[in-house]
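Since the structure comes first, as structure tokens, the remarks are kept for the end.
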Amino acid sequence: MIHISLPDGSKLEVAPGASLLEVAGAIGPGLAKAAVCALVDGTLRDLREQVNKDATVTFFTRGSQEALSVLRHTTTHIMAQAVKRLFPQAQLGIGPAIEDGFYYDFGVDQPFTPEQLALIEEEMRKIIASAYPIERLEVSKAEAEKILREHNEQLKLELLADLDDEAITMFKQGEFIDLCRGPHFANTGEVKKDAFKLLSVAGAYWRGDESRPMLQRIYGTAWESKKDLAAHLEKLEQIEARDHRKLIKQLDLVSFHEEAGAGLAYWHPKGGRMRVIIEDYWRKLHYQGGYDIVFTPHIGRAQLWETSGHLDFYRDGMYAPMNIDGQDYYIKPMNCPFHIMIYKSRTRSYRDLPLRWAELGTVYRYERSGTLHGLLRVRGFTQDDAHIFCTPDQVEDEILRVLDFSLNLLRGFGFEEFKIELSVRDPNKPGKYAGEDAMWAQAEASLVKALDTRELPYERMEGEAVFYGPKIDIKIKDALNRTWQCTTIQFDFNLPGRFDMTYIGEDGAEHRPYMIHRALLGSLERFFGILVEHYAGAFPVWLAPVQAMVIPISDRHNDYARRVADTMKAADLRAEIDTSSSRMNAKIRNAQMQKIPYMLVVGDKEMNAGSVAVRLRSGEDLGAMSLDDLMAMMKRKVEEKALL
RNA sequence: GCCAGCGUAGCUCAAUUGGCAGAGCAAUUGAUUUGUAAUCAAUAGGUUGCCAGUUCGAUUCUGGCCGCUGGCUCCA
């Protein structure tokens, strides 16, 4: 007999070779019915697999994340079966479950059209209705090869060649057979015919390799119920409604221009106003936080970029040089070498350190045309960059300081949830990193210590460090629970040496300073795009480009309305006045669609009482208020960074 | 960069199987002076992304380029 450990700590004895389904049955018939897959010693398994030795087993039932992933994996097989029926020549690539859905890659001569997706969906419903048992076959490599040859699945044969001889499994449903690790449902009928949807087709390189053929990838989504599917589709609609590319146009914030070049943003007056607010807040916090602010040029001589190593390692991301007086100059893709110039402008003493220099530095990077995406991926952008130069024994304090500083800054913009990643060296490849082991160890320890001191949960990413140092990345979660990478805090064991940076220590000798790069918002363009999506364009009062629209009911109220707006402007509140010939209703609608937080209606009553009737963007009517009370309230909302 | 799709008025979208390009909103002008999400009317607005080619004729067909979208890829 073998022993199965269960999550509740209990143990179960079963005969060797029992299937997981039988194990579930031994626990209870209900579980055997509800279970979809099982985690056996850390690996997700099909219920038809056998257990032959002692193991720890956790069963997952319908509704669990793991079961959803099995559902999606099974759905993608059904899709592949449908595609093979409709397009027998299609070659099967890979077809995994992904977050919220699945895809399958097919090698076909003609890309799929949206109409064909509908046909494929139809065929999938037939396959579901046929309720084919899904058979799990354990085969030898030779057998698998034979089967795949019979089915002429060239791509699968290529995958098979890379597999170990052990544990090759295939899944068969009806006439369809696929090389697959599983797990799967036991029957195609278990997928709900009205709870999946094919979403899009896109090209994808075979095995993600540009030099290999491009396959056609069909994306789809699948859920436990029609209701879940509907909820998911609604979420997709919400995401679309928040799309910053739409909103920056509607709200007249930022534009792009074909005739002026891709990936280059133009900030309109209202977007510019918001950017100034963001930058002012940023500068204030930086001065308070012990930073100094510097300004550096946009171009620098080739020699600088040779010394920094950018021309060796980052040339593809840089624009071609321009020749000035016989010298090549490059537009900067980063600010670091420039800050180092300032550092090297005089001898530095240990008494000067730490030096914290921040710059809203505009950089240009060549991004491949296909990667450009609204404000989130551009070719010219302003980094909220800073470099900290310090002694080795200051490193720990500095990291903690940056961490606190970043979270505080991001919270100021209304982000409360964070996901933190610590990227460290790949222990198996010690050769590919700059800097000494001791420095790496100390740097990593200081990063870990800072995270632990603040009791911040983080994910450790082995081998994800850049070659010049370990780093902490902070991702923010937005209103739709999507994560966006903003902050990066990186050690640099490369540039101080390349530029031969030194400081004079207490001992009178020269020492090499530690250098930390950090960008908190990342790029202002990108962060602005994230803000727009997070708030769906309805910004908190302190950020709103127009905070209040004064709405005179008729022309005879215009003068009073103007006085209201002027009084507010004089008090640093951003008020505008709508003197168009529209009716009040239309003026309200326009202000509403511009997502202006406060609408101040003024008519005879207000004019005589010296008040304003306040309507919020939310639709709430606050009634009449004195102008002083309103301004005090708005000032408070600005101070509190309140939404409304 | 690659695969696919798309590009018509400031915006959102019609239409042309190759034959004078249309609507709503916005704009302008006039009338209206209105109490919490669209007052009425008139006017103007286009080398149909750009450049070639085929054709009697191209917005429509072909090629190239630019840009956008969905992915792939990349991300010091």
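Fair warning: this is a prediction, and the values are worked out from it, not measured in the lab. A, B, ... follow the sequence lines: proteins, then strands. Residue 1 opens every chain.
- Within 6.0 Å of atom CZ in A:Arg273, 12 or fewer heavy atoms from other residues, nucleotides or ligands are found, so the atom counts as exposed in its surroundings.
- In this structure, the nucleotide among B:G70, B:U34, B:C72 sitting nearest to the side chain of A:Thr371 is B:C72.
- Between A:Trp305 and A:Phe338, the ring centre distance stays below 6.0 Å.
- Taking the ring axis of A:Tyr103 as reference, the NZ or CZ atom of A:Arg217 stays within 45° of it and closer than 6.0 Å to the ring centre.
- Proximity of A:Arg245 to the phosphate of B:U69: a side-chain N or O atom is located under 4.0 Å from OP1 or OP2.
- Positionally, the nearest nucleotide of RNA chain B for A:Asp555 lies more toward the 5' end than for the other of A:Ile588 and A:Asp555.
- Comparing B:U73, B:C72, B:G70 against the side chain of A:Ala204 picks out B:C72 as the nearest.
- Both the sub-6.0 Å distance and the 45° axial angle are satisfied by A:Arg72 relative to the ring of A:Trp223.
- Across the protein-nucleic acid pair, A:Ile239 atom CD1 and B:G70 atom P stand 12 Å apart, rounded to whole Å.
- Taking only side-chain nitrogens and oxygens, A:Lys246 never comes nearer than 4.0 Å to OP1 or OP2 of B:U12.
- Straight-line distance from the CZ atom of A:Phe313 to the P atom of B:C75: 14 Å, rounded to whole Å.
- Just one residue in the list A:Asp384, A:Leu410, A:Leu376, A:Thr382 forms a side chain to side chain contact (heavy atoms under 4.5 Å, CB included) with A:Phe527, and that residue is A:Leu410.
- Judged by Watson-Crick or G-U wobble contacts below 3.5 Å, the nucleotide B:A27 has B:U43 as its partner.
- The local environment of CG in A:Asn608 is crowded, with over 12 non-hydrogen atoms from other residues, nucleotides or ligands closer than 6.0 Å.
- Looking at the side chain of A:Ala586, the nearest of the listed nucleotides B:U39, B:G7, B:U12 is B:U39.
- As judged by a 4.0 angstrom heavy-atom cut-off over every strand, A:Ala613 is placed among the base-contacting residues.
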Self-check item: A:Ile388/A:Leu355 under side-chain contact (heavy atoms from CB on, under 4.5 Å): CA gap, chis, key distance, verdict
Solution: CA-CA 6 Å; A:Ile388 297 165; A:Leu355 289 166; over 6 Å; no
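- Taking the side chain of A:Ser554 as heavy atoms from C-beta on, and the options B:U33, B:A37, B:G35, the nearest nucleotide is B:U33.
- Base-pair partner of B:U48: not found among the strands shown (Watson-Crick or G-U wobble, both distances under 3.5 Å).
- Open room surrounds CD on A:Gln303; 12 or fewer heavy atoms of other groups in view lie less than 6.0 Å from it.
- A:Arg615 contributes atom CZ, which lies 9.0 Å from atom CE of A:Met584 (distance to the nearest 0.5 angstrom).
- Between the OG atom of A:Ser423 and the CG atom of A:Leu447 there is a distance of 9.5 Å, given to the nearest 0.5 Å.
- Rounded to an integer number of Å, the gap from A:Leu616 CG to B:A37 P is 13 Å.
- In this structure, B:C20 forms no base pair with any nucleotide, since neither Watson-Crick nor G-U wobble geometry is met with both distances under 3.5 Å.
- With a cut-off of 3.5 Å on both Watson-Crick or G-U wobble distances, the partner of B:A58 is given as none.
- Comparing the C1' positions of B:C75 and B:A38 gives an interatomic distance of 47 Å, to the nearest angstrom.
- Both A:Arg617 and A:Arg365 sit near RNA chain B, but only A:Arg617 has its closest nucleotide nearer the 5' end.
- Straight-line distance between the C1' atoms of B:A9 and B:A44: roughly 11 Å, to the nearest whole Å.
- Annotation: proximity of residues 205-221 of chain A to RNA chain B (heavy atom, distance under 4.0 Å) is found for A:Tyr205, A:Gly208, A:Glu210, A:Met214, A:Gln216, A:Arg217, A:Tyr219, numbered in ascending order.
- Nucleotide B:U33 is matched to nothing when pairs are restricted to Watson-Crick or G-U wobble geometry with both distances under 3.5 angstrom.
- What separates CD of A:Gln250 from P of B:C13 is a distance of 11 Å, to the nearest Å.
- Among the heavy atoms of the strands lying under 4.0 Å from A:Asn585 are primed sugar atoms or P, OP1, OP2 only; no base atom is included.
- Across all strands shown, B:U69 forms a Watson-Crick or G-U wobble pair with B:A4, both key distances being under 3.5 Å.
- Applying the 3.5 Å distance criterion, the base of B:U36 shares a donor-acceptor pair with the side chain of A:Arg615.
- Rounding to whole angstrom units, CZ of residue A:Arg583 and C1' of B:A31 are separated by 15 Å.
- The nearest whole Å value for the distance from the CG atom in A:Asp252 to the C1' atom in B:A27 is 14 Å.
- Regarding A:Glu259, its CD atom lies at a distance of 10 Å from the C1' atom of B:C66, rounded to whole Å.
- Look at the P atom in both B:A52 and B:G10: the space between them is 23 Å, to the nearest Å.
- Using a 4.0 Å heavy-atom cutoff across all strands shown, A:His373 reaches sugar-phosphate atoms only and no base atom.
- A distance of about 10 Å separates the P atoms of B:C6 and B:C61, rounded to the whole Å.
- A:Arg377 comes within 4.0 angstrom of a nucleotide base, judged by non-hydrogen atoms across all strands.
- Distance A:His557 NE2 to B:U32 P: 17 Å, rounded to the nearest Å.
- The stretch residues 595-610 of chain A comes close to RNA chain B through A:Val601, A:Gly603, A:Asp604, A:Lys605, A:Glu606, each having a heavy atom under 4.0 Å from the strand.
- Around atom OH of A:Tyr364, no more than 12 heavy atoms belonging to other residues, nucleotides or ligands sit under 6.0 Å away.
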Quiz item: Going through the distances and angles, do A:Glu158 and A:Arg212 end up as a salt bridge (Lys or Arg N to Asp or Glu O under 4.0 Å)?
Solution: CA-CA 13 Å; A:Glu158 196 182 321; A:Arg212 294 184 191 246; 2.6 Å; yes
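- Residue A:Tyr366 places at least one side-chain N or O under 4.0 Å from the OP1 or OP2 atom of B:G1.
- If you check distances only, the side chain of A:Arg556 never reaches the base of B:U33 with a donor-acceptor pair under 3.5 Å.
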